[in-house]
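What follows is one structure encoded as structure tokens, with my remarks underneath.
Excluded from the calculations below are hydrogen atoms, water molecules and symmetry mates; all remaining heavy atoms, backbone and side chain alike, are included. For the single chain, residues carry numbers from 1 onward in sequence order.
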Amino acid sequence: MTRRARLRELDLLRFLAAMAVVLYHFTGFGGDGAWPEPAREVFPELAGVTRYGYLGVDLFFVISGFVILMSAWGRGPGEFGISRLVRLMPAYWASVLLGAVVYALFREGNGVPGLVVPNMTMLQGGLGIRNVDAVYWTLWVEMHFYVLAAILAAVGITYRSCLIFMAAWMFGGVFADEAGNELLQIMLVPTWSPYFIAGMALFMIHRFGPTLLLWGYVAVSWLLALHWGTWRAGTAFKGADDTVVGVVVTAIFAVMILVATGRLGRIRWSGLTLLGALTYPLYLVHSQLALPLLDAAYPELNRWAALAAVTAASLVLAYAVHRLVERPGATWLRARLLASLAPMRPAAEAAPPGGAGAAAVPVARPADAELIRH
């Protein structure tokens with residue numbers, strides 16, 4: 001299967017995960033949100049299902065483990081870091097500024113100046129500063145994975161180094177939790193690491209073929225994910241049924257196994273690329289956009305019409321952010337970050353044995369487009 005076809009499968013899964021989170025916030029959330037009452041009470045017909053939409057994040061993390069290892073393979077830490085910054089920051093900055101606008105115009109949300117500035121760094125999670133949008137917490141979890149992946153890239157990404165890395169991360173997280181070591185728990189995020197490790201192992205199955213050892217990584221990661229998923233059902237997401245959580249987590253692993261083993265190769269619709277492109281901005285903007293929009297539309301519109309309107313508006317804004325911010329922002333940012341790495345690279349030209357006046361031979365580098373695809 002080609003990389004392009006594989007990415008279409010993952011684009012579909014990413015979009016479905018994002019929509020699960022959107023429906024969770026709009027119809028299944030039990031706390032204060034954009035509706036006058038908890039969304040779960042506004043849509044009791046849907047809440048029994050959509051209250052589990054938060055598990056879309058779990059799918060995101062498995063996909064991230066798969067895609068980030070695929071993206072980082074053959075790259076050094078600098079190029080890997082650029083790929084992450086170019087992919088994440090333009091849409092993220094737009095989302096933070098959206099929060100500032102919503103607060104300035106409607107006095108809703110958390111976009112106060114004192115929060116906007118530190119949130120622009122994406123480091124607020126480590127500084128103990130509140131997120132402008134609650135969904136940003138997942139980006140801070142991802143950041144832990146990126147730092148660890150950059151260390152792996154610095155060592156050199158090979159089959160052997162990945163096996164060692166995944167084992168060290170898995171056992172290190174379990175040991176950190178057993179010892180109650182706060183520093184290692186923060187660094188290794190043991191409550192979420194099974195998803196990233198599973199994604200990495202599944203990519204290696206896809207790239208190198210299935211082996212008992214790689215399936216072992218997937219199996220142990222699945223068992224750890226079940227453990228932490230049921231733990232979250234009793235803490236952060238109280239009231240969620242353990243059995244349902246276990247079934248959904250198992251389904252997430254099952255569908256990613258289908259991707260890794262090429263069983264979803266028939267999914268080839270080119271429009272999935274656009275859906276995948278909308279996923280990240282949709283995830284970032286839907287909650288903040290809903291605050292003023294539902295205030296204006298509901299209850300003048302009935303709840304179903306208001307839900308359709310806010311969902312459609314979120315998709316339209318996500319498309320606008322993708323076309324008007326992400327794409328030009330990526331081009332601008334990529335060129336400058338690549339130039340920043342130039343002093344670290346070997347000489348771009350190497351004199352051949354024929355002498356200094358002979359034709360120069362350029363040093364091969366990955367195509368720039370590959371730095372932002374994932």
In terms of heavy-atom contacts, does CZ of Phe171 have more than 12 from other residues, nucleotides or ligands at under 6.0 Å? no
Among Trp228, Phe145, Trp137, ring-ring contact (aromatic ring centres under 6.0 Å, His included) partner for Trp192: Trp137
Decide whether Ser161 and Thr158 meet the rule of one side-chain donor and one side-chain acceptor closer than 3.5 Å. yes
Establish, yes or no, whether the cationic atom of Arg107 lies under 6.0 Å from the six-membered ring centre of Tyr103 and within 45° of the ring axis. yes
Would you say His322's side chain and Pro281's backbone share a donor-acceptor pair under 3.5 angstrom? no
Excluding sequence neighbours, so at least two apart, what forms side-chain contact (heavy atoms from CB on, under 4.5 Å) with Asp242? Thr230, Ala233
Tell me whether Glu142 is salt-bridged to Arg84, with the criterion being a basic N under 4.0 Å from an acidic carboxylate O. no
Carboxylate-amine/guanidinium contact Arg303 Glu45, below 4.0 Å: yes
Check the side chains of Tyr283 and Thr138 for a donor-acceptor pair under 3.5 angstrom, ignoring hydrogens and angles. yes
Test ring-ring contact (aromatic ring centres under 6.0 Å, His included), reference Phe203, set Phe208, Phe66, Tyr217, output is Phe66
Check against side-chain contact (heavy atoms from CB on, under 4.5 Å), Leu59 and Tyr195: CA-CA 8 Å; Leu59 176 55; Tyr195 294 107; over 6 Å; no
Using the side-chain contact (heavy atoms from CB on, under 4.5 Å) rule, take Val141 and Phe196 through it: C-alpha gap first, then chi angles, then the decisive distance, then the call. CA-CA 10 Å; Val141 174; Phe196 297 114; 4.0 Å; yes
For the ring-ring contact (aromatic ring centres under 6.0 Å, His included) test, which of Phe43, Phe26, Phe29 pairs with Trp35? Phe43
Does this structure show an ion pair linking Asp11 with Arg14, if we count only N-O contacts that are shorter than 4.0 Å? yes
Shortest non-hydrogen pair, Leu214 vs Gly209, comes out as CD1-O, 3.8 Å
Going through the checks in order, is the side-chain contact (heavy atoms from CB on, under 4.5 Å) test met by Leu337 and Leu85? CA-CA 9 Å; Leu337 289 174; Leu85 289 172; 4.0 Å; yes
Can you check side-chain contact (heavy atoms from CB on, under 4.5 Å) on Met256 and Ile63, steps first, answer last? CA-CA 8 Å; Met256 287 301 298; Ile63 295 172; 3.8 Å; yes
Could you pull out the closest heavy-atom pair between Ala240 and Val245, with the gap in Å? CB-CG2, 4.2 Å
Any side-chain donor near an acceptor of the partner, Trp222 and Thr250, under 3.5 Å: yes
For the backbone of Val244 and the side chain of Asp241, can you confirm whether one donor and one acceptor N or O come within less than 3.5 Å of each other? yes
Nearest heavy-atom neighbours spanning Thr50 and Leu23: CB-O, 3.9 Å
Closest non-hydrogen atom pair between Leu88 and Met122, with its separation: CB-CE, 4.2 Å
Closest non-hydrogen atoms of Leu291 and Gly33, given as atom of the first, atom of the second and distance, are CD2-O, 4.4 Å
